[in-house]
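Worksheet for the structure shown next.
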Amino acid sequence: MLAILNEMSKHFHPDTKTIDLALFKVVYIAPMKALVQEMVGSFSKRLKPYDMEAGELTGDSQLTKQQITQASIIVTTPEKWGVITRKQTDTSYTNLVRLLIIDEIHLLHDERGPVLEAIIARTIRRMEQMSEYVRLVGLSATLPNYQDAAAFLRVDPAKELFYFDASYRSCGLQQ
């Protein structure tokens, strides 16, 4: 949520106290349709005060062009976003993506890993071609080789890598 709020702050106009939602999109990639639905509900509820809408984009649920335009956050599965980023016919909203959050990034080592790898590679290539920065955020509770994943995401370990170990927990955890 902090990454989303940070992106919103970049488009905040202090004079009018508004956020220009037409200038950016956030894509949240979740591994399962059930988690996509849960996150759409959570984002919709939490970001309603900012007039931000979340849209669900999976193999079972489609969004019209109008709904995609209205949605500030697109919550999708890796396979669906992979299909969308492979298509080069309509890039009107994919070019607006400024934040890509990949939940369960440890699935890079799973059978779905190649789909995530392709999404990340296309995003990085597009950044290089268009000279437009897209923040990549990988989330995982079980990623022992987080340095390897960070290197793949082209993260500067000195400035951009955040590893939250057990010391950040409010209550102790035995491992």
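For this chain, numbers begin at 1 and follow the sequence in order. No experiment lies behind these values; they were computed from the predicted model shown.
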- Establish, from distance only, whether the side-chain atoms of Gln70 and Lys65 form a donor-acceptor pair under 3.5 Å.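 No.
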- Could you walk me through whether Thr76 and Thr58 pass the side-chain contact (heavy atoms from CB on, under 4.5 Å) test, one step at a time? CA-CA 6 Å; Thr76 185; Thr58 64; 5.5 Å; no
Working to the nearest 0.5 angstrom, can you tell me the gap between [X] [atom1] and [Y] [atom2]?
{"X": "Leu63", "Y": "Leu57", "atom1": "CG", "atom2": "CG", "result": "5.0 Å"}
{"X": "Arg135", "Y": "Glu160", "atom1": "CZ", "atom2": "CD", "result": "8.5 Å"}
{"X": "Leu136", "Y": "Thr123", "atom1": "CG", "atom2": "OG1", "result": "6.0 Å"}
{"X": "His11", "Y": "Ile19", "atom1": "NE2", "atom2": "CD1", "result": "9.5 Å"}
{"X": "Ser61", "Y": "Lys33", "atom1": "OG", "atom2": "NZ", "result": "8.5 Å"}
{"X": "Arg125", "Y": "Ile120", "atom1": "CZ", "atom2": "CD1", "result": "14.0 Å"}

Any sub-3.5 Å donor-acceptor pair from [X]'s side-chain atoms to [Y]'s backbone N or O?
{"X": "Thr85", "Y": "Trp81", "answer": "yes"}
{"X": "Ser42", "Y": "Met39", "answer": "no"}
{"X": "Glu38", "Y": "Ala34", "answer": "no"}

- Item | Partner of Leu107 by side chain to side chain contact (heavy atoms under 4.5 Å, CB included), out of Pro31, Pro78, Ser140 |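 For Leu107, the side chain to side chain contact (heavy atoms under 4.5 Å, CB included) check succeeds only for Pro31.
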- Task: Would you check, one step at a time, whether the test side-chain contact (heavy atoms from CB on, under 4.5 Å) holds for Met32 with Glu104?
- Result: CA-CA 10 Å; Met32 298 173 292; Glu104 308 293 347; over 6 Å; no
Close side-chain approach of [X] and [Y], heavy atoms under 4.5 Å:
{"X": "Phe24", "Y": "Glu7", "result": "yes"}
{"X": "Lys25", "Y": "Ile73", "result": "no"}
{"X": "Leu99", "Y": "Ile4", "result": "yes"}
{"X": "Asn145", "Y": "His109", "result": "no"}
{"X": "Met1", "Y": "Leu47", "result": "yes"}
{"X": "Ile119", "Y": "Ile29", "result": "yes"}
{"X": "Arg46", "Y": "Met52", "result": "no"}
{"X": "Thr77", "Y": "Val36", "result": "yes"}

Verify same cluster id: [X], [Y] (apolar side-chain graph, 4.5 Å):
{"X": "Phe43", "Y": "Val97", "answer": "no"}
{"X": "Ile105", "Y": "Val155", "answer": "yes"}
{"X": "Phe152", "Y": "Ile101", "answer": "no"}
{"X": "Val134", "Y": "Leu139", "answer": "no"}
{"X": "Tyr133", "Y": "Leu23", "answer": "no"}

Give the minimum heavy-atom separation between [X] and [Y], together with the two atoms involved.
{"X": "Ala71", "Y": "Ala54", "value": "CB-C, 4.5 Å"}
{"X": "Tyr50", "Y": "Leu21", "value": "O-CD1, 4.0 Å"}
{"X": "Pro114", "Y": "Glu111", "value": "CD-O, 3.5 Å"}

- Is Arg112 paired with Glu117 through a side-chain N to carboxylate O contact shorter than 4.0 Å?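 Looking at Glu117 and Arg112, the cut-off is not met.
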- Query: Any ion pair linking Glu132 and Arg98 (charged N to carboxylate O, less than 4.0 Å)?
  - Reply: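 Salt bridge flag = yes for Glu132 with Arg98.
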- By ring pair (Phe, Tyr, Trp, His ring centres under 6.0 Å), which residues pair with Tyr163, not counting sequence neighbours?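 Partners of Tyr163 by the ring pair (Phe, Tyr, Trp, His ring centres under 6.0 Å) criterion, ordered by chain and then number, come out as Tyr146.
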- Query: Hey, is NZ on Lys48 packed in by over 12 heavy atoms from elsewhere, all under 6.0 Å?
  - Reply: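 Open.
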- Task: Run the numbers on Tyr28 and Asp103 for side-chain contact (heavy atoms from CB on, under 4.5 Å), then give the verdict.
- Result: CA-CA 7 Å; Tyr28 186 98; Asp103 199 351; 2.6 Å; yes
